[in-house]
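So that the names make sense, note that chain A is the first sequence line, chain B the second, and so on, each numbered from 1.
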Amino acid sequence: MEIYPPPLRELINELKRLPGIGPRSAERIAFHLLSGDRSAARRLAGAVVEAVEKIGYCRRCFNFTERDLCSICSDPGRNGRTICVVEQPTDIIAIEKTHGFGGLYHVISGKISPLDGIESGDLKIPQLIERVKREKPAEIILATSSDVEGEATSLFIARELRGHVAKISRIAHGIPVGSSLNFADEITLARAMEGRREF
Amino acid sequence: MVDIRKAEGVVIRRRLFSDTSLIATFFTDRFGKVRVIAKGALRRGSPLRGKLDLFMRNSILFYHGRGDLHIVKECDTIGSYGGIRDDLDRIVAASYIAEIVDGLTLPEAPDGSLYALLVQSLAALNASDRPVQVAACFAPRLLSVLGIFPRYSSCAECGERLEGERFYDGASFRCKGCLSRPAAAVSGGTAALIDRILSPGGPGPDALSPPAEQLSELVALSSAIFEAESGRRMKTRLMAWCPAAGRAVDEGRNPVQNACKPG
């Protein structure tokens, strides 16, 4: 790395911090940005600065937005009686792509992990509890991931919200569409059997 | 020739390596603590998907990678401990056990007894309605198998037999007269509880009914020993998480642990 001029070294170091980018990829991207037409690199830098300065969090659900309320929270056509709890704003995009949910969301910005010392107060869970008490929704859907930390997060939220909301549900787990039972792990299979539905 | 190894192990820690790959730390029967990278484990259709979650017990086939990071080739689940993931207190209790094993073992130092105890503790937690108690009682056993549970029946300084209240100073137990630095009192009742827990063929954790104060003192003592030996803070706050046993006594304010902070 010493052979690179300091600004290039800095660029590579910053790129390496991005998820999924290793040292080789960081070098390749840096060289790509600096070779040939540099206007693309300037546009990229401008877009990063603009996003960092303009994008904040929705004060109601903590989704990304450039306004006070995100597009979902400010949409009068959404069903405000149902709140779907997700870990990250990207999970909202995944659910919205299904066109199967018309309620609101709450992003808790991570998941509880006792082993890593991540507790409810480190996430947006206290804000969720306050919101539920204030808005009194009819249903909370827990759409956290299905690993141990995701389950811990759902179990904790369910425990804290019991008595404050009529219905608390957890998204179903099962066999992915198009995959074989042979490759399913035993917990997924057990959950799929438990959650079977009648024809 | 590629050095392929086969072992049985429990996932005690895992973290994402990329969008589709993860690094899992296993504690195995034959090789002790082993870190493996599972490339593509989170891809849809991956045969490893769902098998490398925390506390899963697997038979694994792995080969030597760079440094102490190996590459997992195959993985078959032996025990999934589904009961643990269905209950928050059990998850926290299992995390406490996993953190002790991960924090106090060196990579690739085989310890069959420790592995057997780890499996036994997870099996006990899987069906227990008193997970905090189970974890609290297994912790001294784990520390004892690791050879780091201090001698608590006699003073480390003068050798006098300790009766009733004794003091743990972050390294050893002492009598009141031999204290030379801040130390925490451990009651005679908790010492008697440790006697029962560590006695060979003693009662199982579910058969014990210690009062909440002793349970809290026991957890705080185990955490203090962990912190003194590993030099790092115990992240899993067992008592603080679990309402039945814990909210009455926040271990963050427990005098035993506070008196014995590392460093």
Q | Whether B/Thr236 side chain and A/Pro114 backbone form a donor-acceptor pair below 3.5 Å | A |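 Between the backbone of A/Pro114 and the side chain of B/Thr236 there is a qualifying donor-acceptor contact (under 3.5 Å).
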Q | Side chain / backbone / both / neither for A/Thr153 at chain B, heavy atoms under 4.5 Å | A |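 No part of A/Thr153 comes within 4.5 Å of chain B.
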**Q.** A/Glu149 portion near chain B, given a 4.5 angstrom heavy-atom threshold
**A.**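 For A/Glu149, the contact with chain B is made by the side chain alone.
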Spacing of [X] atom [atom1] and [Y] atom [atom2] [to the nearest 0.5 Å]:
X	Y	atom1	atom2	answer
B/Asp87	A/Glu151	CG	CD	11.5 Å
A/Ser113	B/Leu54	OG	CG	7.0 Å
B/Ile91	A/Ile112	CD1	CD1	9.5 Å
A/Arg191	B/Asp86	CZ	CG	5.0 Å

Q | Residue pair B/Met56, A/Ile187: steps toward the side-chain contact (heavy atoms from CB on, under 4.5 Å) verdict | A | CA-CA 10 Å; B/Met56 298 281 258; A/Ile187 288 189; 4.0 Å; yes
Q.
Please give me the minimum heavy-atom distance between B/Phe55 and A/Val148, naming the atom from each residue.
A.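 That closest heavy-atom pairing would be CE1-CG1, 3.8 Å.
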Q) Which atom names give the shortest non-hydrogen contact between A/Asp116 and B/Arg13, and what distance separates them? A)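 Shortest heavy-atom separation between A/Asp116 and B/Arg13 comes out as OD1-NH1, 2.9 Å.
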Should we say atom [atom1] of [X] is surrounded by more than 12 heavy atoms from elsewhere, each under 6.0 Å from it?
X	atom1	answer
A/His32	NE2	no
A/Glu66	CD	no
A/Tyr57	OH	no
A/Arg24	CZ	no

With side chains defined as the heavy atoms from C-beta onward, is the minimum distance between [X] and [Y] less than 4.5 Å?
X	Y	result
B/Asp89	A/Arg159	yes
B/Arg85	A/Leu155	no
B/Arg14	A/Asp147	yes

Q. Where does B/Ile84 contact chain A at under 4.5 Å (heavy atoms): side chain, backbone, both or neither?
A.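 Neither; nothing under 4.5 Å.
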